[in-house]
Structures are given as C-alpha cells and as structure tokens.
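Numbers restart at 1 for each chain; the letters A, B, ... are given by sequence-line order, proteins then strands.
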Amino acid sequence: MRKYLARRALFALGTLIGVSLIIFVVLRILPGDPLVAILGVEGHARMTKEDRVRIMHDLGLSDPLPVQYVHWLRDIATGKLGKSFFRGDTVADLILHRGPISAEIGILALIVSWLVGLPVGIVSAVKPNSSLDNIARSLAILFIAIPGFWLGMLIVLALLFWFGYKSPLIIVHVWQSPWQNLQIVIGPAIVLGLAQGAYIARMARSCLLEVIREDYVRTARAKGVVERRVVLGHALPNALLPVITISGVLLGFVLGGSVAVEQAFGVPGLGRALVTAVIERDIIVVQNLVLLYAAIFVVVNLLVDLSYAWLDPRIHYA
Amino acid sequence: MSDQPVSGNRPDTLSRRTFLRAAGVAGGAALGPAVLRRKAEAQETPSPIRPDPSAKRGGTLRYAVHNAPAHFDVHQSGTVANIGPQSPMYDTLLRRDPKDGQTIIPDLAWKYEISPDGKKYTFHLRKGVKFHDGADFTAEDVKATYDRIVRPPKGVVIPRTPLFATVSEIVVVDPHKIEFRMSEARPKAFMLGSFASGWNIIVRKKTLEENQGNLRQVMNYPGTGPFKHVSRQDKEVWIMDRNPNYWNKGLPYIDKLEVYHMFPFSPELGSAFISGKVDYARLLDPVSWRKAKEMPGVTAAAFNQSVIQAFWTNMKKKPLADPRVRRAIHLAMDRHTLVEVVKDTAPMQIGGFVYPFHPMSTPKAELEKRLGYQKDMKPAVQEARRLMQEAGYGQGIKGLDFVVRDIQTFKLWAVAIQAMLKEHINIECNLRTVQTSVWFDEAAAGNFDLAISAIVSTLMDPSDYFSAWYGQNGPQNYSVWTNEQFHSLTRQIDRELNDTKRKALVRKAEDILEQDPPLIPVAYEQIYDAYYNKVRGQNPSTYFGIYDVVRWDQVWLA
C-alpha cells in the first residue's frame, strides 16, 4: 500500500509539474498586454517605451522565462504563491479568504448530487421503463443539458423579481454567520449539484440494472430477502464503484462549472476570482488558481482510487 | 480678457467686507500689527459647501460602483474603479460644486488668483488642515503632488499630465501659498477645470518620497478627505469611517461609507440595488435602471459621460487613407439605429466629433440636420455612394479586418456596422473579437483595418481631447490620422483665451473632422444612477462624467 501511495504521489507530482509548465508557458505566449489593466486605457496609450521597460521589470516580467518559472516555484515553496500584479495582495491570502466559500460550494454540490442522483438512479433501475423511470431520465437529460450559469441567472432573477431577494454581497464565512453563509453557497451548490446529480442518476441506474441481473441478487431474492434489502444491501454496494469513480471526475466539472456559476450568482469565490484575473490578465493569480484546481483534481482522484480498496475488499494495492 | 487679476472664492462680498473691516481696524491707533495679522488670517473663507442644519447625521451609506481597482494610485488611474472608492478620502485644490456638478468652487485652496497675462495661478491654501495620519497639510504637499502629475517619474504614467503641459514651474511662496507658473497661457476654463478634476487629489509629500513616487501598490495612503480608510476586502468592499477632524467642520454627515465593487452594467449590480442591498448604484444597466425608475421611493438619474464610442480606420491601409472613403463610411452609419441596438445594454446618445453636450459643439438640433446624423438615411447613403464612386471604390471594398473589443456593446454594434457598411456602400468586413488587452495591442501596432472601442477624456474642453484623440502622434489617434489644417487649428484653440473666438475655431475644426474623419463616431455614453430617496444632498442629473463629484461629504441619509 505504501509503495502504491508513493508511486501515486510521484505520479501526481509529475502531473502538477506538467500542468504548471503548460499554464506558465500558455499565459506568457497568449496575446494581450497586462499593462492595459494596470495603467488603464489612457495610461497605457500614453506609456513610453521606457515606462514599459520599468514597469515590466517591477512586475518581474522582464526576466527570462526559466527565471520567472523558478521564481514561481520558489513562491509556491514559501506558501505565498506570489503577488497579484495589481493590488499587491498575495495569492495565498486570496485563496485563504475565498477558498472556503468555493470549497463549501463544491462539497455541498457533491452532497446534493448524491442526494438527488442516487435515489433517482435506484428508482429508475428498480422500475425500468416505468413512467417514474421515464420522468427521472428526462429530468436527468434536462439538467445535463441546461448550462449551470443560465440556470443560475434564472434563479437569481426569479428570487429578485418575485421576492426582492438577493444573497449577501460580500463573503460571510460559516463561522461568522452560518445563515448568511448558507444564503451565499446554497444557490450555486444546488445548480452545480443538480447537473452532477443527473450524471450520477444515469450512472447509478445503468450499474444497478447490470448488478440486479447477477446470480447473487437472484439468490437473495430466492431466499426471500425483502426487496428493499436486496437492492440497498446486496446490489447497491457493488454498483457504487463506478458511481464513486464518476464522482471524482465530476468534481472536475464542479470546479470548472463553479467559475461560471459563481459569476452568475455573484458569489465572490475562487471561480469568480479566476474570471476577474483572466480579464485583467493577472497571470500570477491565474497560474496559481489553475494549479490549485489541478492539485485538487489530482488529490480527489487519488482518494477515489484509494476508496476502492475500502469499498471492495477484493481490491488490494501493492 | 480683463487686465485685472482674476480671483476666485465664492463669497466675494464677504472678502471685501472682511477687508474693509480689517482696514478700519488698521486705521485705529489702538490696534497693533499683531491684531492685523490675526484679521488677515480670518480672511480665509469657509468652503461654499456648508453643513445644512436640516440634514440628519449618522448612518451608513452603501454605494455600489464599478469593479475593484487594478491598483491604488488615483493619479495613475483612468477609471472610476479608483475614483469610486478612493476619492472620499482625499481633497483637491478646487472642486466642482455637487449642487450642479459644473461650477468650480474652492476646496483645499480657499482662494485663487490668475495673473492678467494668464501665465500664473496662485492658490491660497487652507490652514489647520490635517492628513489622516495627523500631519499638517502645506504647500509642499501640493507641490509634490503636482510635480509628480506634471512630470511623472520613470515608470509612472499619469493620464492628466498633458493638461498641465504648459506648467513650467511650481513655486511654494509660503507654507500656505503656491504658484503655478506657465510657459504659455491657456484658457481659464481649461486650467481651472484641470485643477478641479477629481483625479488630481492632494497626497502627502512624505508618502510620495517613501514610495519613490509610485502608489500603485500602496492601499492606504493618507489624504485630507472627509472619510478615513477602515478596511478593504479585495474585489468586494471598501469601508470608510467619517473623518472627525475634517477641515470643513460639520461635514460629512454620514458615519460610515461602504463602497461595493460590482461590474458596471451588470445584472449583479442591478439586482443589488433592486433588492435594497445598496442605497446608491452607479453605472446601472438600462434594464435595471428602467425597473428602478418604476420603483416607489427611488430616483433614477441619467447624465452625460466623458466617453466617445467609435471605430477607427487604419490610415496605413490604402482605401482607408482616402478621406472620401472615410467620409463615406461615416455617412453610412445609421446612428439612431446604433443607439437603439444597445439600448438594453448601455445608455447612449448621438454625437459627432465634439462632445454633443458641450457649449462649443454644434447644437444637437443642428447636428441632426447634417448628413450622417439624420433619421432619414437616404441623403447620407446617396452621398456616401457618390464619394465611394469618386474615390474609385464604387464596387465596394472586400475583406476588411474589423477588430472588435470583447464587450457586449461593441459586439452588438460591430454586427450592425458590418451590415450597414455592406448594405449602404458594399464594404465587406470580417469581425475579429478580441479581449480588451489584445485590442489595445492590435490598435497600437496598427494590426487592423477597422477597430471599435471607446476612449475617455478628463475634461469636456476640446483642448483636452483634440490632441489625444485626433492630434498628430496623439496617444489615442489609433488611425494615425494627420491633417495639417486641423493640427494648426488645434494649436490656435489651445492658445485662444477668448471664448467666442475659441468657439468659432472649434466649429471650424469640427467641419474639418466631418470631411476628413480621423475616427467614425458611433455614440456618446450616458451614465445611469439610481438611489433610494433616503439618500439626500446628491443631484447627479446635471453632472458631467463620474470623475469629479465623488466625495459624498454633502450627502446625508433621511
């Protein structure tokens, strides 16, 4: 197990180094001048060549690319992750302040997706091709098809125009006011959770349908075990492995989707910070946030792999 | 221009009375020079913005304006992202009266004098003014501030520098008197407007020295303004408290100011206002603004903004170098439709090459009779086709590269303009939408045939923007347009001190621009504000732009 873990950790590190290199290079070869955002349109238009040289030097952008990359690695090692080009705030502070909100949204979305997706998948599998199954499948396709940001905007507008309601404008952490915090995170979590729940429902249905036809399920039924116990106690645990796998993959969608959904709900989380940083071409913020998202994705997938052994005793890692 | 020095401080009669009283006292044998000195000190007149006894004190004003600033240096900025949250912490030498947003009144300078030749501006500064860190405000701070604005250090770019191009020397006469000496006189309205601009906040000399003249990453540098920094949450809110030691005693009324950062014209801003989460919203989108207008207990105001929306034609590309082709493009624009196209995205109005609401520009009614501005497009299109024929492009032009800034209004307009050009004069263009930062790279490098965006000026005065927008080597002359007749006229306009003569010159310049367009004007922006009626003391309807009346010292909550 330890060997396996070490191998996976090494693999994860390689993946992250690869991601860091790609994002670092891509951000520096993309067209567009960060000085437009820093100096504004008028300032940028009036900037002399000397000014440009000086400002680029101050920002550390005139160093050769390998030097800039090493500086970034050093910033990661110190835990500060570098400073925003603009206001001088460290990216670490940004993540510490906004990260908890985005993490809450991600975790809640995952919970919502399981709470919605699993029961729907079970009902569909137990009564295939019934009207209940048809409704469930139609809803699943609908939620997969609807873009999260659009649904988010509809919810925001409906709450505003029907109830005059808008969630808090600034971040309120759960330890500051759980009620206000919930108002911030619940909308994005439901929107993201419904979309992922639809995938989970479809996956749970097909896996369960397959498992239900297995001999041991038939045996359990023949022995007179109650149907509920047959499904939940015997069939479901064996159908869960692919669902857990897809949950890990879906977390990537949750992270990606949160960028647009946070924007739609006006939630000042990490996703929104990433959008703003991209618009401003604040490449230090962008590269760190992308790397953070990649790291979360890698770690979650590692945890998913490890959970197999816990869920299925037949699986051993060597 | 009179031979007498011009002086400004609003209550003129009060000064005279004070003077006579002092003279009378001087005649009295019993009183000595010490008393005289005290009387002379008493001549300092209070700010014309006086506390209103009927105003209620206290409360928190929640104000939403623009997204967060990219940095903290107001002088180096060109966006309301800085002015919005930071201005309440600072003062300027002169300011625009919040009552109308136009009249220039004293601020940290309680009086100013202009020499008869217009080449020397003397400011008398208030005494007893303190920065938020407790330091005294003196002429040295004004000198340090303006030295930096007039001649920025390397790596510091200040868009207002050209306003003070003729300031050759700034001399501290005494701790409360400062002179601006100029190599050449400029129109009084232009210079006073420059000193009263909300951008030119006074900062401490020590602050500038400690930061090598660059405040981009200095969040909380002391000002003398009515509000003091308390805290800031990046991209969320900037919180300020009332400055209890504000020099204008009795102001501000409100105890706390919370400035929320929200994208302009965004549904988020609109929803924050409509739901009552903020008391005052600036830069509302038209849909939310119209909704706010219908809400009871809400005032929705619209006012002019110092931004032109336009597209540039690259003079280095052969067909576009021909003034007839550019005039044809100009005439092919159905501006009434263009304003309509974006009516739910951003508020716009029709205009030509000069701010349509400026007293020196062609009046709107007259402008709308001109080709290119009429509702009936037929005569303009006919003339446009004739010009294209005459220039040898009667069959049209194909394959123009039209660079579009990735902002909703420009994207909507680009499609409409593309259709108008094709339909009216058979010009075919390919749209290329790019991010803002890329747009300016492409524009500066000349990598475009047509390119649509918006540009801003500090003042409404043509002397501010004629050289920047249309001048030879002007920083925003993306077309690289030149016209000797126009450039020489600009120089005359800059120097002409007589308003009537100046107006005639501006009209002449306008005529040149109409015939030989350096850019194609699309529209002029308006600003939509909305506020709950409990917010009192602010009347933005007559303001020009969002950069001058921005301090909230006169605002109170009912």
Worksheet item: Contact part of A:Phe163 toward chain B, heavy-atom cut-off under 4.5 Å: side chain, backbone, both or neither?
Response: neither

Worksheet item: For A:Leu81, does its backbone N or O pair with a side-chain atom of A:Asn288 as donor and acceptor, under 3.5 Å?
Response: yes

Practice prompt. Return yes if some donor-acceptor pair links the side-chain N/O of B:Asn214 with the main-chain N/O of B:Arg216 below 3.5 Å, else return no.
Written response: yes

Worksheet item: Looking at B:Glu236 and A:Arg272, does any basic side-chain N land under 4.0 Å from a carboxylate oxygen?
Response: no

Discussion item. Are B:Tyr532 and B:Phe273 an aromatic pair, judged by ring center distance below 6.0 Å?
Written reply: yes

Discussion item. Between A:Lys49 and A:Asp51, does any NZ, NE, NH1 or NH2 come within less than 4.0 Å of an OD or OE carboxylate oxygen?
Written reply: no

Fill in: Top contributor to chain A interface from B:Gly276, B:Ser77, B:Pro475 [non-hydrogen pairs under 4.5 Å]
B:Pro475

Worksheet item: Using non-hydrogen atoms only, which part of A:Ser84 is less than 4.5 Å away from chain B: side chain, backbone, both, or neither?
Response: backbone

Fill in: Residue B:Val156 versus chain A: region with a heavy atom under 4.5 Å
backbone

Worksheet item: Where does B:Ala444 contact chain A at under 4.5 Å (heavy atoms): side chain, backbone, both or neither?
Response: neither

Discussion item. Strictly below 4.0 Å, N to O, side chains only: are B:Asp344 and B:Arg290 in salt-bridge contact?
Written reply: yes

Worksheet item: Which answer fits B:Gln233, side chain, backbone, both or neither, if we ask what part of it has an atom under 4.5 Å from a heavy atom of chain A?
Response: side chain

Worksheet, complete the sentence: Per-residue tally against chain A (heavy atom, under 4.5 Å) across B:Gly270, B:Ala468, B:Gly78, B:Pro159 peaks at B:Pro159

Practice prompt. Answer with side chain, backbone, both or neither: which region of A:Leu30 has an atom nearer than 4.5 Å to a non-hydrogen atom of chain B?
Written response: neither

Worksheet item: Considering only heavy atoms, which portion of B:Pro152 lies under 4.5 Å from any heavy atom of chain A: side chain, backbone, both, or neither?
Response: neither

Worksheet entry | Pair B:Tyr355 and B:Trp469, ring centroids less than 6.0 Å apart | yes

Fill in: Within 45° cone and under 6.0 Å: A:Lys166 NZ/CZ vs A:Phe265 ring
no

Worksheet entry | Among A:His44, A:Arg52, A:Arg98, A:Met47, residue most engaged with chain B (heavy-atom pairs, under 4.5 Å) | A:Arg98

Item to complete: Against chain B, label A:Leu160 side chain, backbone, both or neither, depending on which of its atoms sit under 4.5 Å from a heavy atom there.
Response: side chain

Worksheet item: Which region of A:Val53, side chain (C-beta onward) or backbone (N, CA, C, O), has a non-hydrogen atom less than 4.5 Å from a non-hydrogen atom of chain B, or is it both or neither?
Response: neither

Worksheet item: Is there a donor-acceptor pair closer than 3.5 Å between any side-chain N or O of B:Asn314 and the backbone N or O of B:Gly446?
Response: yes

Response to the item:
Highest number of heavy-atom pairs under 4.5 Å with chain A among B:Met262, B:Gln476, B:His261 belongs to B:Gln476

Worksheet item: With distance as the sole test, does B:Asn477 use its side chain to make a donor-acceptor pair with the main-chain N or O of B:Asn473 at under 3.5 Å?
Response: no

Worksheet entry | Structural part of B:Gln76 lying under 4.5 Å from a heavy atom of chain A | both

Item to complete: Verify, without hydrogens or angle tests, whether A:Gln68 (side chain) and A:Leu61 (backbone) share a donor-acceptor contact under 3.5 angstrom.
Response: yes

Worksheet entry | chain B contact via A:His97 - which portion, at a heavy-atom distance below 4.5 Å | side chain

Practice prompt. Below 4.5 Å from any heavy atom of chain A, which atoms of B:Thr79 appear? Answer side chain, backbone, both or neither.
Written response: neither

Worksheet entry | Contact origin within B:Ala64 toward chain A - heavy atom pairs under 4.5 Å | neither

